[in-house]
Student: 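So that we are looking at the same thing, I have put the structure below in structure tokens.
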Amino acid sequence: MTRSIEQGRRGPRAGGRWRAAGIALVVLGAAVAAVVAVTTPWQSLPGAAPAVTPDPARDFTAQQIARADAFDAAVSVPVYLSLAVTLVVAGVLILTPFGAWLVARLRGPWWVRALLGVLALSAVSLLIKWPLGMWYETRLREFGLSTQEWPAWSADRLKSFGVQTVLIAIMVLAVVWLARRFATRWWIPAAAGAFALTVAASFIYPVVVEPLFNDFTPLPPGPLRSDLIAMASRDGVPVEDVLVADASRRTTSLNAYVSGFGATRRIVVYDTLLRAPANEVELVVAHELGHAKNGDVLYGTLVGALGAAAGACLLFLVVSFRPIRRRAGVETVADPRAVGLVLGLMSLAGVLAGPAQNVVSRQIEARADVHALDLTRDPATFAAMQKRLAVTNISDLSPSAFEYVLYASHPTTPQRLALARSWARLHGLPEP
């Protein structure tokens, strides 16, 4: 009887804190949806723009299409197996007491055991995926996309593992500490901390993490540099410098990107891209200026921060569900043995969030393409640049629906070429 009365007393309190976390999750989710709805360009061109059907055969030879298909087939198996390993490891950590069993064998203060647990469990996943990574790298070399030797490849992989593990360890350690400090309301400071960490990482990543993988130098003085700076000025985007990454030491692929915002905003081009004609390089940079002008990194950071805060609330709700904790072999998240459960849930959330992130990303990339066309008014060079990127990078010209949903953060090359032709028709210019 005493036990029943005690359970009855706990029920309302538990329901109250679950209700508060649930309300916070709904509010934060609504905030994410509102920011995405307002900032995402769901229509790249005006409704009056003539529609053009994407057609790989219009722009690429049968040999180029066959090579793209062969490359996709060659890398699909290790990619899908890696995804399967991610899901299986997450499932083991969530649905079995393996994580708790491993951490229970560690010694030291609770925070040492938590940190060592994150490291050990992350290392297990790394070791399982290592052969798959080598398989994928071998395929890249066979198709001429990788220029790395195995020691450099291994160093990059270990550095990436180190960066990810540090970030994950910070988050997991914070969750366990907050659960020990605020037993029933740890989701509140956890949500605030997740928001702040995401914003801080967006500032720090360009100046701390990116230099671990590449050396960056200013684009040398000359006509190209002058033209790019002038184009940025004409576009109303304050850019003091354009940086060149020494990507050729690991790849032959072409790329450029914008990262950071405010004082850390930077437009970076691969040194491999500088081998292309100057007008094509200008178009790639014009695309990146579109991201900068529209504040894509800033809004992306805001959405990511709100999503991270919502994730903290969701994590609280999930781990509050006793059957989940029982399967994972822990009584409370305040126990360092719970790091496996937290890691598994974080990993699963990352996979599940990917398709939604890709939907938004594809729309944003299409807007940046339109910005490049508006700025340069040169659809012919835009088309030439897209073809060069697709052929050099061996882009998938006709991904399956599954691959498109799961992995495509950009429109396909045929879709981008069709967009350029629609833009040209809309502005009365010759189609490329």
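Heavy atoms only: backbone and side chains are in, while hydrogens, waters and symmetry mates are out.
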Student: Test your reading of the model: is there a side-chain donor-acceptor pair from E280 to the backbone of P277, 3.5 Å cut-off?
Tutor: no
Student: Taking the side chain as every heavy atom from C-beta outward, state whether M231 and L228 have any pair of such atoms under 4.5 Å apart.
Tutor: yes
Student: Look up atom OG1 in T217 and atom CG in D246, then write down how far apart they are to the nearest 0.5 Å.
Tutor: 7.5 Å
Student: Are the side chain of T301 and the backbone of V297 linked by a donor-acceptor contact shorter than 3.5 Å?
Tutor: yes
Student: Checking S82 side chain against P78 main chain: does a donor-acceptor pair fall under 3.5 Å?
Tutor: no
Student: Evaluate the side-chain proximity of P432 to K387: yes if any heavy-atom separation is below 4.5 Å, no if none is.
Tutor: no
Student: So, the side chain of N393 versus the backbone of S395: is there a donor-acceptor pair under 3.5 Å, distance only?
Tutor: no
Student: Are W177 and W186 close enough, and set up right, to give a side-chain contact (heavy atoms from CB on, under 4.5 Å), and what steps lead you there?
Tutor: CA-CA 9 Å; W177 178 78; W186 60 261; over 6 Å; no
Student: Does V79 reach the side chain of E403, with side-chain heavy atoms less than 4.5 Å apart?
Tutor: no
Student: Between T412 (side chain) and P399 (backbone), is there a donor-acceptor pair under 3.5 Å?
Tutor: no
Student: Do other residues, nucleotides or ligands put more than 12 heavy atoms under 6.0 Å from the CZ atom of R181?
Tutor: no
Student: Within a strict 4.5 Å, meaning less than it, do heavy atoms of the E331 and R337 side chains meet?
Tutor: no
Student: With rounding to the nearest 0.5 angstrom, report the CD to OH distance, E210 to Y257.
Tutor: 3.5 Å
Student: Quick one: does R139's side chain have a donor or acceptor within less than 3.5 Å of a partner on V75's backbone?
Tutor: no
Student: Short question: side chain of S320, backbone of F316 - any donor-acceptor pair under 3.5 Å?
Tutor: yes
Student: Other residues, nucleotides and ligands only: do more than 12 of their heavy atoms fall within 6.0 Å of CZ on F143?
Tutor: yes
Student: In Å and rounded to the nearest 0.5 Å, what is the OG to CG distance from S125 to L93?
Tutor: 8.5 Å
Student: Quick one: closest heavy-atom pair of V281 and L273, and the distance?
Tutor: CG2-O, 3.5 Å
Student: Could you tell me whether the side chain of R362 and the main chain of P411 form a donor-acceptor pair under 3.5 Å?
Tutor: no
Student: Where do C313 and A21 come nearest, in terms of heavy atoms and distance?
Tutor: CB-O, 3.9 Å
Student: Is the side chain of T251 donor-acceptor paired with the backbone N or O of S146 at a distance under 3.5 Å, no angle test?
Tutor: no
Student: Would you say P218 and V242 make side-chain contact, with heavy atoms under 4.5 Å?
Tutor: no
Student: Can you confirm whether V124 sits close enough to V89 that some side-chain heavy atom of one is under 4.5 Å from a side-chain heavy atom of the other?
Tutor: no
Student: Atom CZ in R367, atom CH2 in W42: separation rounded to 0.5 Å?
Tutor: 11.0 Å
Student: Donor-acceptor pair, distance only, cut-off 3.5 Å: does the side chain of S422 make one with the backbone of A418?
Tutor: yes
Student: Got a salt bridge between D55 and R421, using NZ or NE/NH1/NH2 to carboxylate O under 4.0 Å?
Tutor: no
Student: Given side chains that start at C-beta, do those of I94 and L341 come closer than 4.5 Å, heavy atoms only?
Tutor: yes
Student: Just jot down the salt bridge (charged side-chain N to carboxylate O under 4.0 Å, His left out) partners of R425, sequence neighbours excluded, or say none.
Tutor: E431
Student: Just do the side-chain contact (heavy atoms from CB on, under 4.5 Å) check on K129 and L81 with the steps written out, would you?
Tutor: CA-CA 9 Å; K129 290 183 179 180; L81 285 177; over 6 Å; no
Student: When rounded to the nearest 0.5 angstrom, what distance separates CG in D156 from CZ in F213?
Tutor: 6.0 Å
Student: Which pair of non-hydrogen atoms, one from R377 and one from W423, has the smallest distance, and what is that distance?
Tutor: CA-CH2, 3.7 Å
Student: Measure across V268 and A245 and return the closest heavy-atom pair with its distance rounded to 0.1 Å.
Tutor: CG1-CB, 3.7 Å
Student: Check the surroundings of atom CZ in F182: do more than 12 heavy atoms from other residues, nucleotides or ligands lie under 6.0 Å from it?
Tutor: yes
Student: Pair E288, H291 - check side-chain contact (heavy atoms from CB on, under 4.5 Å), show working.
Tutor: CA-CA 5 Å; E288 300 306 325; H291 287 307; 3.5 Å; yes
Student: Apply the test side-chain contact (heavy atoms from CB on, under 4.5 Å) to residues F60 and L417: give CA-CA distance (whole Å), side-chain angles for both, the deciding distance (0.1 Å), then the verdict.
Tutor: CA-CA 11 Å; F60 300 94; L417 292 169; 4.1 Å; yes
Student: Can you find a pair of side-chain heavy atoms, one from L314 and one from W187, that are under 4.5 Å apart?
Tutor: no
Student: Do you know which two heavy atoms are closest between L429 and P379, and how far apart they sit?
Tutor: CD1-CD, 4.3 Å
Student: Tell me, yes or no, whether the heavy-atom count around W111 atom CH2, taken from other residues, nucleotides or ligands under 6.0 Å, exceeds 12.
Tutor: no
Student: Give me the atom names and distance for the closest heavy-atom approach of R249 to D215.
Tutor: NH2-N, 4.1 Å
Student: Please, which pairs that meet ring-ring contact (aromatic ring centres under 6.0 Å, His included) have at least one residue in residues 386-420, sequence neighbours excluded?
Tutor: Y80-F402
Student: Just verifying a value: how many Å separate T413 OG1 and D396 CG, rounded to the nearest 0.5 Å?
Tutor: 9.0 Å
